[in-house]
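Okay, so here's the structure we're looking at.
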There are 2 protein chains.
Amino acid sequence: MTLVAKHNKLSRRSGCPLNASVEMLGDRWSLLIIRDMMLRGFRTYKEFMDCYEGIATNILADRLQKLVSYGIIEGEPDPSDGRKLIYRLTKKGIDLAPVLTEMVLWAAAHEDTGNQELVRLMRADKEKFLAGVRMRWSNDRPKPS
Amino acid sequence: MTLVAKHNKLSRRSGCPLNASVEMLGDRWSLLIIRDMMLRGFRTYKEFMDCYEGIATNILADRLQKLVSYGIIEGEPDPSDGRKLIYRLTKKGIDLAPVLTEMVLWAAAHEDTGNQELVRLMRADKEKFLAGVRMRWSNDRPKPS
DNA sequence: TATTTAACTTGCAAAATGCAAGTGAAATGT
DNA sequence: ACATTTCACTTGCATTTTGCAAGTTAAATA
């Protein structure tokens, strides 16, 4: 049984595309979850939990559900371990790569931040970096990373 | 008296640049405020208030203050009307244009959204669009738009 | 001088978030 | 086979953030 997106936003504050983005992603955790899937290959609840100490268990569960309901990620049970749910970025989720990239480059340019390696990689050749992400996450392959 | 940015985040959840971005912009209103300054030339509290019914007066005040404290916008009194405060994007704020652009294009590609005119413009030539924003907001000019 | 306007505060209710503890099904260890 | 551990969550409750309505203050306008 694969979890499927059932996206039923009742009313949107405005028709502007940016508003839609903000309503889906404008919170403290969603983009970080997506980043860790995209860049670090996280796939299970536990991986997220162990990683950022800071996110509350109920909030993580809630965010994962919401991302599924928006069609940004999808979850299916691990065939080799019935307890585990494997989350994966959908096409829609992978398409957030340029958004994440610009946010990373902006912060790196204006704030004192770490992970300079990633930043250099992105800055050196944005398109190449994006192509890499898309390749590693191409939907043909069952397991990215 | 020009309000100046005094940016003193006490502790950051992680050094990742994305985390920095999310901490500054990851809420329901900040990016919309920036969009309206960038694209619609909004400059005063009242303009924001009148526009989106939906934002609470105290939240708007709080967000404007925070954006100032992050150095994304700055506010100075209108010389011709002592009641008014004119807010303006800083360089750091203008540099958010690529982030907004990617968020708009992402939502437009995956959601049912309005403002197709803007979307077409952005899609047709992203760099040209960005150049236009930067030009209109170049710091030489006192009043953008 | 009286009223209006702009930009906020303040007080309080409602919603979202965070934290600790608990649950239930599946795997693992003995 | 049975007890323990692991995984992916809930639940309950305190704290924080948001939203709404009603002030407030200084400056402009009638």
Side-chain angles (χ1 to χ4, degrees), chain A residues 1-3 9-14 19 22-33 36-37 42-70 73-88, chain B residues 1-3 9-14 19 22-33 36-37 41-70 73-88 143:
Chain A
M1 175 264 293
T2 300
L3 302 184
K9 271 272 140 190
L10 353 107
S11 65
R12 200 161 264 167
R13 236 160 18 188
S14 99
N19 188 51
V22 162
E23 283 181 4
M24 288 185 274
L25 307 168
D27 75 272
R28 220 130 223 86
W29 295 107
S30 299
L31 284 169
L32 298 182
I33 291 172
D36 282 342
M37 297 184 78
F42 283 16
R43 289 166 307 156
T44 64
Y45 186 93
K46 189 179 187 310
E47 280 176 305
F48 292 112
M49 240 8 256
D50 290 351
C51 169
Y52 2 71
E53 28 209 329
I55 192 165
T57 60
N58 54 343
I59 300 297
L60 176 57
D62 178 79
R63 284 315 106 91
L64 288 171
Q65 263 190 56
K66 276 184 178 150
L67 290 174
V68 169
S69 85
Y70 295 140
I73 67 178
E74 59 192 8
E76 61 180 320
D78 186 336
S80 73
D81 185 338
R83 291 169 307 178
K84 286 190 183 169
L85 245 188
I86 307 268
Y87 290 102
R88 189 127 21 110
Chain B
M1 174 266 291
T2 300
L3 303 184
K9 271 270 142 189
L10 353 106
S11 65
R12 200 161 264 167
R13 234 160 18 188
S14 97
N19 187 54
V22 162
E23 283 181 3
M24 288 185 273
L25 307 168
D27 74 275
R28 220 131 222 83
W29 295 108
S30 299
L31 284 168
L32 299 181
I33 291 172
D36 283 342
M37 297 183 78
F42 284 15
R43 288 166 308 154
T44 65
Y45 186 92
K46 190 179 186 312
E47 281 176 303
F48 293 113
M49 240 10 254
D50 291 350
C51 169
Y52 5 70
E53 29 209 329
I55 193 166
T57 60
N58 55 343
I59 300 298
L60 176 56
D62 178 78
R63 283 317 104 93
L64 288 170
Q65 262 190 58
K66 275 185 178 151
L67 290 174
V68 169
S69 85
Y70 294 141
I73 67 178
E74 59 192 7
E76 62 181 320
D78 185 337
S80 73
D81 185 340
R83 291 170 304 179
K84 286 189 182 169
L85 247 187
I86 306 269
Y87 290 102
R88 190 127 22 109
K143 293 192 186 182

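Nothing here was measured: the structure is a model prediction, and the numbers come from that model. Each chain gets a letter, A, B and so on, in the order the sequences are listed, and its residues count up from 1.
On the nucleic acid side, DNA chain C has its first and last nucleotide under 4.0 Å of a heavy atom of chain B at C:dT5 to C:dG11, going 5' to 3'.
Atom CD of A:Gln65 is separated from atom P of D:dC9 by 8 Å (rounded to the nearest Å). In this structure, B:Leu85 places its CG atom 12 Å from C1' of D:dA26, rounding to the nearest Å. Taking atom CG on B:Leu60 and atom P on D:dC20, their separation rounds to 14 Å, with Å as the unit.
Between A:Asp78 and A:Arg43, none of the side-chain N atoms (NZ, or NE/NH1/NH2) sits under 4.0 Å from a carboxylate O, so this pair counts as no salt bridge.
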Under 3.5 Å, which N/O atoms of the protein pair with N/O atoms of nucleotides 16-18 of chain D?
from	atom 1	to	atom 2	distance (Å)
D:dT18	OP2	B:Arg63	NH2	2.6

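For the atom pair B:Phe42 CZ and B:Tyr87 OH, the distance stands at 15.0 Å (nearest 0.5 Å). Atom CG in B:Asn19 sits 9.0 Å away from atom CZ in A:Arg28 (nearest 0.5 Å).
Counting heavy atoms from C-beta outward, A:Trp29 and A:Ile59 have side chains that approach closer than 4.5 Å. By the 4.5 Å heavy-atom criterion applied to side chains, B:Asp27 and A:Asp27 are not counted as neighbours.
Taking the nucleotide of DNA chain C with the nearest heavy atom to each of B:Ala61 and A:Arg83, the more 5' of the two is matched to B:Ala61.
B:Arg88 approaches B:Glu76 most closely through the heavy-atom pair NH2-OE2, 3.0 Å.
In this structure, the side chain of A:Glu47 engages the main chain of A:Thr44 through a donor-acceptor pair within 3.5 Å.
Note on A:Tyr87: every side-chain N or O is 4.0 Å or more away from OP1 and OP2 of D:dC7.
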- Determine, stepwise, if the pair A:Val68 / A:Glu74 fulfils side chain to side chain contact (heavy atoms under 4.5 Å, CB included). CA-CA 5 Å; A:Val68 169; A:Glu74 59 192 8; 5.6 Å; no
